[in-house]
Each structure stands twice: as C-alpha cells, then as structure tokens.
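For reference, the structure is listed below as structure tokens.
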Amino acid sequence: MNREEMADVLEKIALLLELKGENPFKVRAYRQGAETVLAMEGDVVELAKNDELKGIKGIGDALRDKLGELAKTGGLEFYENLKKEFPESVFELFEIQGLGPKKIKSLYDELGVDSTAKLKAACEEGKVAVLPGFGEKTQKKILDAMAANEKFADRFRLGSVTALVEGMLETLRLHPEVSRVAVAGSYRRARETVGDLDFLVATKEGALVCEDFTTLPQVESVIACGETKASVRLQNGMHCDLRAVKNSEFPFALQYFTGSKEHNVALRSLALKKGWSLNEYGLNPVDPGETPPYVEEEKDIYRLLGLQYIEPELRENRGEIEAAAENKLPRLVELMNLRGTFHNHTTASDGKDTLEAMVEEAMELGLQYLGISDHSKSSWYAGGLDEERLLKQVEEIRDLEKMLGGFRIFAGSEVDILKDGDLDFSDEILAQLDFCVASVHNVFNLDEDTMTRRICRAMENEHITMLGHSTGRLLLKREAYPLDHARIIDCAAATRTVIELNCSPMRMDMDWRWWKRARDKGVLCSINPDAHSRDQLHNLGTGVRVARKGWLRREDVLNTRTAPEIEAFLKMPKAKR
DNA sequence: GCCGTTTTCGGCCCGACTGTTTTCAGTCG
C-alpha cells in the first residue's frame, strides 16, 4: 500500500458515495482526504500505520481510522462493502464528459446500465432519451463523449511517459549484448501526444535482446517476439515495439523510425535526385556499380544528402528540409539555457507545496529565479486569492527573498480573463506585482471572434506580462476553444505581450505549430511549467523539447535571460520591451 | 465527514451553461 493507492481508495469511496446519493459534503470530505493524502508532507503510510495522523487538516477521526486500517492491513472493510453494491465497471461511467453521479445513478436504477458497453447499447436503442431528465440531445452528447474517449483511448501525453521511457532506455543500455540504444517515433519528435513507443537497439544477438525485452518489469503482455522485433503491451496499456538491428544499420533505422512519414517521403525523394536510394537499412547508389557510402551516425545521412543535421523535433516536413539545404536551420534552445521560470502555484491557491518548498526545488534545479502566480479570486474553486491575500503574499515573497542570498522570486498573479476581457484585478493592484499572467478559466464556448477579442483585450493591458495557456485545451480530454491564432500573435507582437508555452503535460499550450510564426513576428515565449507541486517544475525539460519543435532559439525564450536581465525587462514600459 | 476566538451543531463561500423543463436540476471548472 503506497500513498497513491491510499488516495485512490478514498477517491473511489467518494465516487461510490455520490452514486448512492450520500450527503455531498461527506463526499467532498473523502475527496478532500484523497487530496490531502497525496499532498501532505512525510511518509503518510508510516504515519497512518502508527496512528500519527492526528492534527492533519482535512483528516478527521473517521478518515484517520480508515487510513490506519488501509495502511496496516492493505484493505478496508468499509470500502469492500461499498464496492459490493456496484460492479467495478461503473467507474468507467465517471470518465464520460457530461455524466455526473446523478445521471449515472438514474441510468443504473432505471436501465441497469453499469458499464460503457451497456450505456452505448442503451443510447443506440434510444432508451436513454426517454428517461426523465434526459432527452435526445443528452443521449447524443453521451454517444459523442464516448466516441471521443475511444478516440483518445490509445494515446498518451508526452510529459506523462517521459519517466517510463527514460527508465526503459536505461535498462536497455545496460544489456551486455547491446551497443547502441535509442527511442524513435513521435516520442523522439516530441509530439504532444504519442500513440506507441519505438525502441531501437544495435546488437548482434537480436533474438536474445528481444527475449529479454519482453521480461522487463514495465511489460504487461507479449504480442510478438522474434529475432529482429518484439511487440509488447506495457503496464500502462501502451503498445511498445523494440527493433533489433545490426550496428551498421542503426543510423538508418533510427532515421527511418523517427519519421515523420512526411519528412521521410521528402527525404527519400531528395535522395533519389542525388542518385541514392534511402530506406531503413541503408543509403544505396541507384547505379549498382557504385559503392555505398560509410555511415556511422544519423548525422552522416543528412550530410550525404547535402543537408544540415535536422533535429528530430523538426522532422515534420514543415520547411525543415528546405532550410537545412540552405544552411538556415535555427540553433534550437536547450534545457541548460533556462535560467528561471514563471507561472507557478503554491498552497496559497491550489498548489500542493508551499512557497518555500517551490523555491527550494527551483534552487535545486539550478535556476536563478522563480515566478509565483497563484490564481485570482474568480477562480474561487482553485482557492484564488483576493486583493488582500495577494498583497499579503507579495509581502511574504519579499521577506523570503531577503533570506535567499541572491535567488530572485518574482511576485505575480495568474489573473483570470473575465468573460468580456476585463481582468479580475484592478490596474492599481496589478501595478504592485512584478509580473502578471493572464488566463482564461471559464466561459469556453464563445465563438472564435468573441474569444479572440476577449483575449486581445486582456493583452492590451499594460500590466499583463504574458498570456497563459492560450487555447485552454486539455490534451486527450478537452478540445481547445476556437481562437484566431494569427490575430492573437499579431496582438501579442503589437502589445509586446509574451506568450506562454505552458508545459504541463496536460496542456503544451500554445500549440507548437504556431511558434515559428510568433517568433518571426518578434513575440517572446516563456516556457512555464504551471507547476502545482515542486516535482512539476521538472516538466520544464519536456517544455524545452516542445519549444524546439516550434523552431524556437535561445533568444526567443524570455526565461533564458538572467535574473538581472528579467528584472530590467519587467521594469521597462511594456511598449519598449 | 470535517471544522470551530460563534466549541458539539450547523455550516460547508459560486456562477455559467445546457437541456430539460415551465422554474430548475445536473454538470463543470
């Protein structure tokens, strides 16, 4: 039993109590308890075992007893009894957008629906539309939401699989029969979501390495295992391939399996013009009389085709091949260029870690400064700060900074952009901050023109340093709201507003496809983790990869600047930045 | 179920939107 499992049990209890129509405040207490378990300091499992949870806010007598039982026995009788009342599959129903506990209960009581499969059948037979409180539109919305879930079912967010991939690479690297290892595919190209993973090894013992690959702890089941390829399904449900090639084939296989398909098609046609035939095994002269060139690394392939080396992130056939032919590829930003970051939360609003803990982690990462921007009052559900609490936080920040020997904390706010483009705080309040992120958190259903004008209005404010998560999308969960990106970028350029690359794994927003345009208009990017806990600051690494995918250079990214440079930047009138 | 310079009951900070209704319930941030 670990922290996550304990929190999961409380969360599931909350769902089941909701289904039973229990007192909503009791439900909330369990949900809050789950949050507390995840966020609290110390070894919560050990504390629960020793009955030492007294005094923790959000955990009262009842939850303390239940957590104790969980920690000591690994089970919970209360939960087991509750689970007996519903089949396990009801939890699926909570994943459907637009369905809450009341509707699920109604579906369960009236139609016996207790799984997505049964729900789909009931919708298709028209049984859902005639239930009280439901209707044709609701039935259609449920079907659409289920279709969307299916569409996303086999995809994963880039930032959520980084640790898994790094772990597997490390293990493969240690294999005695393996000389080279890489991950290819859309993961290597830093797409914001990936469907499957492609690992590549150079070895003389393909069958052995494939066999050993299928026994990795991350593997759930084996689909196929041969001499050059193994296919498995991982514990997290991901499809994953390993390809074993000879060392001499490795660069070609790496290039080929990295893709994208469009990039490779363009590259092969370029090769043909030069009298070569390129495939995943080699680069061969079309004229059989000539000898194939010596290739040791992927770089050599590009060089032989008369191209600059094209970084994997750029390989989408969006102009990179032409630029490489003219020696005009940008030198892309790197993680080591980052000096600090903005847009982070603390326990003052919905963050899990205190100001001190966040700062400590930023220092640990080798940064020179950290921007704090908790939610504003309209985001009350996230514990948004009102004017009084905000100004108090600014004071706390100034006080803490004095004790840090040079590390800078920039005091800011993630201020809500209200429906009409007004901001949640007055200019007088905003003027007292070092910086300000403006974000949309509600009323997502405006038409494109209205939404664009709303956001532009916020950017026109002198005190708004940067625009937060511009499209509002939640990857694999919620589509972006309609937005005229070209106008947003023009407005950012005109008002000298920075645009954020929010590198929370859920967001990666603004989308990488727009960054080159923004860069060319002189718009600065700020790579921000939107961290709600200290460990989320580590998402900066993935953020940099996505910035690279957007063709961004060091000079295009605000937070590659040093603390004194940032200070000067923020003090400058916006128009002169 | 939690919490309390209103200590053992009575609150638990909202507002927009949708689709169902005919004045409102359910869902979502």
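The structure presented is a predicted model; accordingly, all values stated were derived computationally and were not measured. Below, read A as the first sequence line, B as the second, and so on, with proteins coming before strands; counting in each chain starts at 1.
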Return the nearest nucleotide to the side chain of [X]; candidates are [options].
| X | options | answer |
| --- | --- | --- |
| Lys57(A) | dG26(B), dG1(B), dC3(B) | dC3(B) |
| Lys141(A) | dT18(B), dG29(B), dT27(B) | dT18(B) |
| Leu63(A) | dG26(B), dG1(B), dG29(B) | dG1(B) |

Could you measure between the two [atom1] atoms, the one in [N] and the one in [M], and give it in whole Å?
| N | M | atom1 | answer |
| --- | --- | --- | --- |
| dC12(B) | dC17(B) | P | 25 Å |
| dG11(B) | dG19(B) | P | 35 Å |
| dC14(B) | dT7(B) | C1' | 28 Å |
| dT22(B) | dG15(B) | C1' | 22 Å |
| dG29(B) | dT23(B) | C1' | 25 Å |
| dT21(B) | dA16(B) | P | 24 Å |
| dT5(B) | dG1(B) | C1' | 24 Å |

Please work out if [X] contacts a base, only the sugar-phosphate, or nothing of the nucleic acid, heavy-atom cut-off 4.0 Å.
| X | answer |
| --- | --- |
| Pro101(A) | sugar-phosphate |
| Gly58(A) | sugar-phosphate |
| Lys105(A) | nothing |

Whole-Å distance separating the [atom1] atom of [X] from the [atom2] atom of [N]:
| X | N | atom1 | atom2 | value |
| --- | --- | --- | --- | --- |
| Leu16(A) | dG1(B) | CG | P | 14 Å |
| Phe25(A) | dG4(B) | CZ | P | 17 Å |
| Ile142(A) | dC28(B) | CD1 | P | 11 Å |
| Gln32(A) | dG11(B) | CD | C1' | 16 Å |
| Glu95(A) | dC28(B) | CD | C1' | 15 Å |
| Met451(A) | dC17(B) | CE | P | 11 Å |
| Leu446(A) | dG29(B) | CG | C1' | 15 Å |
| Lys26(A) | dG10(B) | NZ | P | 18 Å |

Residues of [range] with any non-hydrogen atom less than 4.0 angstrom from an atom of DNA chain B: list those, numerically ordered, please.
| range | value |
| --- | --- |
| residues 468-476 of chain A | none |
| residues 68-82 of chain A | none |
| residues 120-138 of chain A | Gly133(A), Phe134(A), Gly135(A), Glu136(A), Lys137(A), Thr138(A) |

Would you say that [X] contacts [Y] through its side chain, given a criterion of any heavy-atom pair below 4.5 Å between the two side chains?
| X | Y | result |
| --- | --- | --- |
| Ser373(A) | Phe410(A) | no |
| Lys352(A) | Glu35(A) | yes |
| Lys120(A) | Leu143(A) | yes |

Using a cut-off of strictly less than 4.0 Å, decide whether [X] has a side-chain nitrogen or oxygen near OP1 or OP2 of [N].
| X | N | answer |
| --- | --- | --- |
| Lys377(A) | dC14(B) | no |
| Lys419(A) | dC17(B) | yes |
| Asn445(A) | dT18(B) | yes |
| Gln97(A) | dG29(B) | yes |

Inset, instruction - Could I get the full list of side-chain contact (heavy atoms from CB on, under 4.5 Å) partners for Thr471(A), not counting sequence neighbours? - result: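 side-chain contact (heavy atoms from CB on, under 4.5 Å) check on Thr471(A) returns Arg473(A), Ala480(A), His485(A), Asp509(A).
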Just distance, no hydrogens or angles: give the donor-acceptor pairs under 3.5 Å from side chains in residues 1-17 of chain A, sequence neighbours left out.
from     : atom 1 : to       : atom 2 : distance (Å)
Asn2(A)  : OD1    : Glu4(A)  : N      : 3.1
Asn2(A)  : OD1    : Glu5(A)  : N      : 2.8
Arg3(A)  : NH1    : Val37(A) : O      : 2.8
Arg3(A)  : NH1    : Leu38(A) : O      : 3.3
Arg3(A)  : NH1    : Met40(A) : O      : 2.9
Arg3(A)  : NH2    : Met40(A) : O      : 3.4
Arg3(A)  : NH2    : Gly42(A) : O      : 2.6
Glu5(A)  : OE1    : Asn2(A)  : N      : 2.9
Asp8(A)  : OD2    : Lys12(A) : NZ     : 3.1
Glu11(A) : OE2    : Arg31(A) : NE     : 3.3

Inset, instruction - Give none if dC14(B) has no partner; otherwise give the nucleotide forming a Watson-Crick or G-U wobble pair with it, both distances under 3.5 Å. - result: dG29(B)
Legend entry - Sidechain N-carboxylate O distance under 4.0 Å for Arg548(A), Glu313(A): yes
Inset, instruction - May I ask you to say whether Arg398(A) pairs ionically with Asp434(A), meaning some side-chain N is under 4.0 Å from a carboxylate O? - result: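 Between Asp434(A) and Arg398(A) there is a salt bridge, with a charged N closer than 4.0 Å to a carboxylate O.
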Can a donor-acceptor pair be found between the side chains of [X] and [Y] at a distance below 3.5 Å?
| X | Y | result |
| --- | --- | --- |
| Ser349(A) | Asp374(A) | yes |
| Thr193(A) | Arg155(A) | yes |
| His469(A) | Glu500(A) | no |
| Asp416(A) | Ser379(A) | yes |

Legend entry - Residue closer to the 5' end of DNA chain B, Gly60(A) versus His441(A) (nearest nucleotide): Gly60(A)
Legend entry - Donor-acceptor pair under 3.5 Å, Asp61(A) side chain vs dG1(B) base: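 Looking at the base of dG1(B), it does not pair with any donor or acceptor on the side chain of Asp61(A) (distance under 3.5 Å).
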Inset, instruction - Measure the acute angle between the ring planes of His345(A) and His532(A), then classify it against the limits of 30° and 60° as parallel, tilted or perpendicular. - result: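 Plane angle under 30°, so parallel.
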Legend entry - Whether Tyr108(A) and Phe86(A) hold their rings parallel, tilted or perpendicular, with breakpoints at 30° and 60°: tilted
Only distances under 3.5 Å count here; give the side-chain donor-acceptor pairs of residues 61-74 of chain A to other protein atoms, sequence neighbours excluded, each with its distance to 0.1 Å.
from     : atom 1 : to       : atom 2 : distance (Å)
Asp61(A) : OD1    : Arg64(A) : NH2    : 3.0
Lys66(A) : NZ     : Tyr30(A) : OH     : 3.2
Glu69(A) : OE2    : Glu77(A) : N      : 2.9
Thr73(A) : OG1    : Glu69(A) : O      : 2.7
Thr73(A) : OG1    : Gly75(A) : N      : 3.1
Thr73(A) : OG1    : Gly75(A) : O      : 3.0

